Amino acid sequence: MSVDWTSRRADRLSALPPYVFARLDELKARAREQGLDLIDLGMGNPDGPTPTPVVEAAIAALKDPSNHGYPPFEGTTSFRKAITDWYGRRYGVQLDPDGEALPLLGSKEGLTHLAMAYVNPGDVVLVPSPSYPAHFRGPAIAGGNIYPMPLRAEKDWLIDLSAIPEAVAQAAKVLYFNYPNNPTAATAPREFFEEIVAFARKYEILLVHDMAYAELAFDGYQPTSLLEIPGAKEIGVEFHTMSKTYNMAGWRVGFVVGNRHIIQGLRTLKTNLDYGIFAALQKAAETALQLPDVYLHEVQVRYRTRRDFLIQGFAELGWDVPKPNATMYLWVPCPPGVGSTDFALNVLQQTGVVVTPGNAFGTGGEGYVRVSLIADCDRLGEALRRLKQAGIRYDAGLEALTNVAVGSPGKLQ
Ligand SMILES: *Cc1c(COP(=O)(O)O)cnc(C)c1O
């Protein structure tokens with residue numbers, strides 16, 4: 001018996017845009033099979049270990065049988081309290097741990113399920129282009145009608161709210177945004193947050209801010225949180241993650257804070273889907289939020305050092321890469337006339353260095369690649385040496401890249 005299960009998938013799956021990562025993954029796998037030494041700067045996966053006090057708290061909690069049963073749906077009281085204490089300490093805003101904070105199985109889960117909880121088929125959802133894929137894939141799964149808000153270098157990668165047609169603003173139900181930004185590494189001034197809150201209040205739009213890079217900021221820059229803005233809590237929620245700041249990507253812990261009614265909708269959906277986070281991991285996450293600031297400084301210095309090292313190296317190859325004051329990425333323009341997929345695939349084939357083509361984040365990312373600062377300076381130096389050796393420069397023109405035509409038998413075949 002052979003049933004075609006692919007054609008029997010629900011429509012919501014076929015509504016998803018194709019994954020540019022798939023071709024890249026294929027090439028990566030082939031390169032690995034051939035024993036090629038890949039330098040993977042493609043993922044947003046932090047390379048350091050989770051801080052020791054967090055691991056130790058997890059081990060102790062693991063040994064405590066009171067953590068072994070189903071956790072409470074809404075998260076443990078002490079983790080929710082640790083979240084609102086942390087939030088008060090960082091941003092000077094008091095939140096109620098009972099209702100204004102909800103632990104999540106990583107923020108990606110929450111960002112996607114929020115769309116399932118609030119978006120009906122056909123509802124208009126405003127999403128920046130480029131953006132973190134969950135911001136458009138969640139609404140796409142829900143059947144939403146996605147209106148892309150292009151981000152541009154000329155506007156410092158800020159959303160241009162004045163470019164949204166009145167009818168679209170009137171119809172919009174949800175708006176996703178994210179600063180410090182993945183993938184562009186841009187940050188937004190406080191005035192921008194005031195503007196977007198005023199916009200969302202005027203049109204009664206549910207404002208979703210993803211603040212995954214809350215603590216990965218440098219040179220004295222302190223990112224703004226949505227809920228610092230007066231009136232934001234009436235229309236918005238903000239997602240946070242333990243993954244990036246605390247090197248806890250594999251633990252799957254994040255949280256959402258903000259409007260209690262919006263959070264309640266997400267919670268209602270989630271009580272039908274999951275039982276929340278293993279209580280021992282909530283204990284560990286709680287410990288992370290209480291770590292002294294010296295730990296944060298270490299993480300910040302690590303990324304800042306890599307940022308400066310790589311920007312300097314790119315400059316020697318003819319690149320003028322802007323210096324971001326937050327995130328763990330560089331947003332690097334492709335050589336003139338070269339598409340982002342072609343460029344990323346060529347760099348991979350010729351050098352074994354993996355970068356992410358900007359169009360994986362939406363058409364607004366075309367013309368750029370995202371480089372993650374997830375390797376130490378030795379490895380970044382090796383990546384630069386290989387680029388140089390392959391003749392890949394910003395100003396080298398197409399010739400350097402057509403040594404190996406995309407899709408044709410190249411070094412990796
Ligand atoms: C990495 C990242 C996330 C994912 O966070 P998890 O909590 O690990 O699911 C969410 N948003 C942005 C913008 C990210 O870069």
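In listed order, ligands and their atoms are each counted from 1. As the structure is a computational prediction, the values presented were derived from the model and not from experiment.
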Original post:
Quick one: is the NZ or CZ of Arg304 closer than 6.0 Å to the six-membered ring centre of Phe218, and within 45° of its axis?
Top reply: no
Original post:
Which heavy-atom pair separates Ile205 from Val174 by the least distance, and what is that distance?
Top reply: CG2-C, 3.7 Å
Original post:
Relative to each other, are the rings of Tyr368 and Trp331 parallel, tilted or perpendicular (30° and 60° limits)?
Top reply: parallel
Original post:
Sub-3.5 Å donor-acceptor pair from the side chain of Thr84 to the main-chain atoms of Arg80, do we have one?
Top reply: yes
Original post:
Among Arg90, His240, Gln300, which residue meets the side chain to side chain donor-acceptor pair (under 3.5 Å) test with Glu215?
Top reply: Arg90
Original post:
Would Asp85 and Arg89 pass as an ion pair if we require N to O under 4.0 Å?
Top reply: no
**OP:** Write down, by chain and number, every protein residue that brings a non-hydrogen atom to less than 4.0 Å from an atom of ligand 1.
**Re:** Gly106, Ser107, Lys108, Tyr132, Asn178, Asn182, Asp210, Ala212, Tyr213, Thr241, Ser243, Lys244, Arg252
